[in-house]
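Predicted model only: the values in this text are computed from it and were never measured.
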Amino acid sequence: MKTKEIKYHKDGSKWAEGYLKDGKMDGYWKWYRKDGTKMRTGYFEDGKQVRDWMTYDKNGRLVKKTTFTKSAE
């Protein structure tokens, strides 16, 4: 079962939100700057980064896209 997780900066503003499954990050996550603007988004599977990850500037424009592939173990 997945549980929603929200983490906060020391000043109380939202820092990150997403889901945990068995204590590991799983599914879609978002990170925010202290001013509330979106900084980064991406997906986890079993605690590992997968799929497309996006990094945004303070104006919400995409500045970087990184694609992670699931490694065979």
Considering all heavy atoms, the nearest Leu62-Lys64 contact: CD1-O, 3.4 Å
Which value, rounded to the nearest 0.5 Å, describes the distance between Gln49 atom CD and Met25 atom CE? 9.0 Å
Asp11 side chain vs Ser13 backbone, donor-acceptor pair below 3.5 Å: yes
I need the Glu17 CD to Trp29 CH2 distance, nearest 0.5 Å. 8.5 Å
First locate atom CG of Leu20, then atom CG of Asp26, and finally report the distance between them rounded to the nearest 0.5 Å. 8.5 Å
Roughly how far, to the nearest 0.5 Å, is the CG atom of Asp46 from the CG atom of Asp22? 8.0 Å
To the nearest 0.5 angstrom, please state how far the NZ atom of Lys21 sits from the CD atom of Glu45. 9.5 Å
Any donor and acceptor pair, going by atom type alone, linking the side chain of Arg33 with main-chain N or O of Lys38 inside 3.5 Å? yes
Rounded to the nearest 0.5 angstrom, the OG1-NZ distance for Thr41 and Lys65 is 11.0 Å
Kindly work out whether a path of hydrophobic side-chain contacts (I/L/V/M/F/W/Y, heavy atoms less than 4.5 Å apart) joins Phe68 to Trp31. yes
Heavy atoms only: give me the nearest Tyr43-Trp53 pair and the separation to one decimal. O-NE1, 3.1 Å
Pairwise side-chain contact, Met39 with Tyr32, heavy-atom cut-off 4.5 Å (strictly under): no
